[in-house]
Amino acid sequence: MAITHAIASGMGGMRTAGDLVARMQMTRGMRIKEAKEYVARKLSVSVTDLSDPFRMTEIRDELGIGLVTPLPGRPMGMEAKFRIAEILGIKINCVNKFKKKANIDR
Amino acid sequence: MPKILTRMGDGFLAEVSEGELRKDLEEGTKDAAERAKVPPLNEDELRHLYDIYRSSAKFTSVDIGDEVVLTYDAGTLKIRRVGIDVGRIHALQIYERLLGADTMELAHVDYSYKAVKPIVGNEQPILEQALLTSTIPLFYGAMPNLGIYSQPDGPVPNASELMPMGKIAEARAAQEEAVELAVKDMVYVGSAMYESGADGINFDTTGAAGDPDFLATLRASKILKAKYPDLCVELGMAGEFILGMHGRLEFEGVRLAGLYPHEQVKLAQSAGVSIFGPVVNTNTSKSCAWNIARAITFIKPCVANATIPVHANMGMGVGGAPVVDNPPTDAISRASKAMVEIGRLDGL
Amino acid sequence: MGKILTRMGDGFLSEMTEGELQKDIEEGTQDAADRAGVPPLSADELKHLFDIYHSPAKFVSVEPGNEIVLSFDAGTLKLQRLGINTGRIHNIQIMERALGADTMEMGHIDYSYKAVKPIVGDEQQEFEQALLVSTLPLFYGAMPNLAIYSQPDGPVANSAELLPLGKIAESRVAQEEAVELAVKDMVYVGSAMYESGADGINFDTTGAAGDPDFLATLRVTKILKEKYPEMCIELGMAGEFILGMHGKLEFEGVRLAGLYPHEQVKLAQKAGVTIFGPTVNTNTSRSCAWNIARAITFIKPCVANATIPVHANMGMGVGGAPVVDNPPTDAISRASKAMVEIGRLDGL
Amino acid sequence: MAITHAIASGMGGMRTAGDLVARMQMTRGMRIGEAKAYVAQKLSVPVQDLADPVRMAEVRDDLDLGLVRSLPHRVKGIDAKFRIAEVLGIGINCVNRFRGRVGKKFK
């Protein structure tokens with residue numbers, strides 16, 4: 001079920017920019033079009049690039065926002081979310097909690 | 001005239017002629033339009049639906065560039081249900097890295113806020129660890145599930161036992177008590193999970209126990225949003241129509257019983273919901289084409305009325321997907337494409 | 001005279017003289033003997049205890065040949081509680097292959113039969129897979145946990161609220177109702193797990209809610225053993241003394257309130273229990289030596305009265321083990337050796 | 001906690017014969033001494049061998065009762081339990097159910 005929807009109409013999560021567009025819906029209540037345009041602008045790419053896994057792998061690697069295949073030395077998990085919050089200009093709940101716990105809440 | 005291979009709402013393969021397919025689509029949209037008093041799909045939309053369901057391809061999809069984001073109800077449970085013995089953090093990683101999920105949800109096997117309350121302290125460390133190792137947005141989700149507040153499982157008298165005895169007032173009082181208790185539990189668990197770092201809270205299958213279920217969830221959403229303005233609340237429904245189990249309950253002056261998706265979304269918005277998930281149930285004795293035409297007719301005006309993102313429920317037995325545990329990709333991919341392209345959705 | 005390093009019941013390290021140690025052991029056994037009306041430990045036994053607790057070794061153990069078998073309450077949960085993100089089948093394999101467990105138990109995170117009932121199908125599916133890939137005997141376990149049958153969590157009136165109001169009769173009725181419901185749930189879940197192939201069913205922390213809790217479990221045991229004569233039932237207790245929350249409840253003519261382990265075991269045998277697990281709680285303000293002398297004094301006559309195997313509970317805060325989440329091996333190994341060698345147990 | 005008890009006074013599970021002795025308590029309600037004597041007799045070893053991991057690894061391998069190390073071509077899991085039921089002369093619930101599920105021929 002999940003796989004079929006993901007292939008038929010899903011953005012592709014971390015393979016592309018699906019998680020980033022989802023974050024704009026979740027944090028700013030943006031509709032799909034607005035959310036995609038916002039993310040494209042922040043990443044300095046075209047909206048079409050957002051669902052292209054080839055292009056997005058390059059972009060995600062350059063920006064350090066997490067790759068679906070985690071390569072050594074690249075940001076992943078919490079590290080990637082620090083950068084996502086910064087690049088998209090949004091608050092991510094667990095990132096803020098982490099900063100508090102690690103005493104880097106500035 | 002060649003036959004078209006299609007499926008019934010129970011998943012069985014069936015053959016229809018072009019005329020039968022067209023008729024099914026027209027009747028499906030008409031059924032929804034009459035019930036919810038919304039416009040039926042127009043000629044262009046029906047034509048587009050016809051093309052999607054007429055295709056002989058095993059798999060179909062939206063056009064490049066039209067993709068939407070997906071949220072998942074009962075997220076980690078789906079891996080457990082198929083008997084894969086991994087921890088829930090592994091399940092999240094499988095979704096994130098293997099299945100390309102845009103978001104994911106951590107869930108307890110009982111999938112009810114009431115059942116989570118006594119073990120919330122066990123759930124929080126798992127969520128906190130999951131957040132450290134995952135990148136995609138993470139929900140914590142469960143059902144309001146007002147049914148389990150009734151005796152003999154829960155504390156309040158059983159409304160469905162009182163009703164047939166003619167004890168209408170007592171049944172209503174019991175449901176109102178259940179609402180109070182459920183609001184408490186949902187706020188308690190939702191707060192705990194947000195405090196642990198969750199990106200969002202999902203109230204799934206809302207309205208399963210009728211209008212009291214919907215009311216409790218709207219109230220819990222409002223309280224949580226007032227408490228945590230940055231919290232993302234997703235509210236997913238149980239069916240297209242709010243069952244009037246109580247009949248008189250209102251939220252901000254609007255009677256809940258009998259509301260359809262395009263009316264439900266307005267209340268969800270005023271309760272502060274961030275993402276709304278409308279549901280249309282599948283009729284197993286009608287074709288998938290009939291069901292999807294009907295589903296989109298309900299969902300389209302809901303999307304039009306919305307100022308927040310709308311993610312239609314497209315799981316087993318809802319949103320034109322057949323009622324079958326092992327879903328056929330032909331039927332799901334057609335429903336997926338049709339719903340996104342004609343329903344103009346923000347996600348599924 | 002050298003100082004002896006020992007621990008208090010709350011886990012804190014403390015020093016005592018030989019005379020203080022001797023005194024603690026004597027007082028501990030006397031306390032238990034007075035309460036339960038059983039003989040205190042003999043001079044030889046006290047001497048043996050003194051030697052065990054006098055030893056400066058970090059770790060002590062039984063002599064080769066005196067080993068016993070271990071059963072585990074809350075088995076798979078222990079790894080989950082530590083935040084190790086493995087599935088429960090993995091946990092069983094870790095216990096079987098990495099930690100040398102003699103038996104193992106699968107448990108649901110809420111660890112109550114009532115909470116398992118609605119998800120028993122999910123539990124069976126996983127349990128059946130666990131049986132295919134493990135070799136050691138596998139229990140399914142949970143608590144009778146009668147307290148969660150009370151409002152606002154459960155269906156019956158809350159006796160702890162009724163008692164202070166002087167509503168003694170109403171409070172008793174509520175507890176009797178809870179017994180009926182708990183019996184149903186335990187029989188339902190126990191049968192399902194046995195039908196899935198369980199080697200045994202564990203009723204853990206029995207009596208936590210007093211005499212109604214103990215009564216429900218004895219009745220369930222009797223029903224299950226009649227239904228499945230081959231079934232192994234382990235009944236583990238919550239404390240040394242059956243609290244008279246009701247006060248008048250009886251099983252086969254014996255009043256339950258106030259029973260000590262040597263009396264509890266007789267009823268357990270009558271009900272058809274296969275393995276009995278007596279418990280003695282730890283007093284945090286007394287030394288571990290005082291606590292173990294007291295615990296063994298309660299347990300020894302229980303073992304003597306038993307015709308079935310006895311596995312004393314030796315987890316956190318019971319059986320002379322200090323009340324601390326991260327248990328010090330010096331204290332646990334001393335309690336382990338003392339309980340087995342002097343208590344003459346069949347297992348822990 | 002579990003590890004400390006296992007080292008201080010536990011039999012050692014599959015490393016030794018702990019699971020087998022446990023099965024006798026569970027299926028026949030035998031006390032510890034009786035259960036050990038029974039298992040020792042069935043395995044044709046002296047009682048003191050039951051808690052010796054070196055000796056029991058050999059015995060378990062010879063009798064195909066499952067080894068704590070998962071070696072290739074050796075029994076593990078349900079197949080080991082078929083053998084245990086046979087060697088100890090006891091019924092094992094999931095073994096009996098397994099027989100029922102795989103068809104009449106194996107009953």
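In what follows, chains carry the letters A, B, and so on, assigned in the order in which the sequence lines appear, proteins first and then strands, with residues in each chain numbered from 1. What's counted below: heavy atoms across the whole structure, side chains too, no hydrogens, waters or symmetry copies.
Here the side chain of Lys117(B) pairs no donor or acceptor atom with the backbone of Asp153(C) at under 3.5 angstrom.
When the shell of 6.0 Å around NZ of Lys167(B) is examined, it contains 12 or fewer heavy atoms from other residues, nucleotides or ligands. Residue Lys248(C) places its NZ atom among 12 or fewer non-hydrogen atoms of other residues, nucleotides or ligands, all under 6.0 Å distant. The 12-atom threshold is not exceeded at OH of Tyr188(C), counting heavy atoms of other residues, nucleotides or ligands nearer than 6.0 Å.
Put simply, of Lys184(C), Gln151(C), Glu123(C), Glu128(C), the one with the most heavy-atom pairs under 4.5 Å next to chain B is Gln151(C). Between chain B and the options Gly121(C), Ser112(C), Pro152(C), the largest number of non-hydrogen pairs under 4.5 Å is found for Pro152(C). Considering only heavy-atom pairs separated by less than 4.5 Å from chain C, the leading option among Val109(B), Ile84(B), Ile89(B) is Ile89(B).
Looking at Glu177(C), neither its backbone nor its side chain comes within 4.5 Å of chain B, counting heavy atoms on both sides. Using a 4.5 Å cut-off between heavy atoms, Lys114(B) contacts chain C through its side chain alone, with no backbone atom that close. Using a 4.5 Å cut-off between heavy atoms, Leu181(C) contacts chain B through its side chain alone, with no backbone atom that close.
Side-chain contact between Asp110(C) and Pro118(B): present, with at least one pair of heavy atoms (C-beta onward) separated by less than 4.5 Å.
Taking CG of Asp110(B) as the start and CG of Asp122(C) as the end, the distance is 8.5 Å to the nearest 0.5 Å. The CD atom of Gln125(C) sits 10.0 Å away from the CG atom of Asp85(B) when rounded to the nearest 0.5 Å. Summarising the geometry, atom CD belonging to Gln129(B) is positioned 6.5 Å from atom CG belonging to Asn85(C); distances are rounded to the nearest 0.5 Å.
Aromatic pair His108(B)/His108(C): ring centres closer than 6.0 Å.
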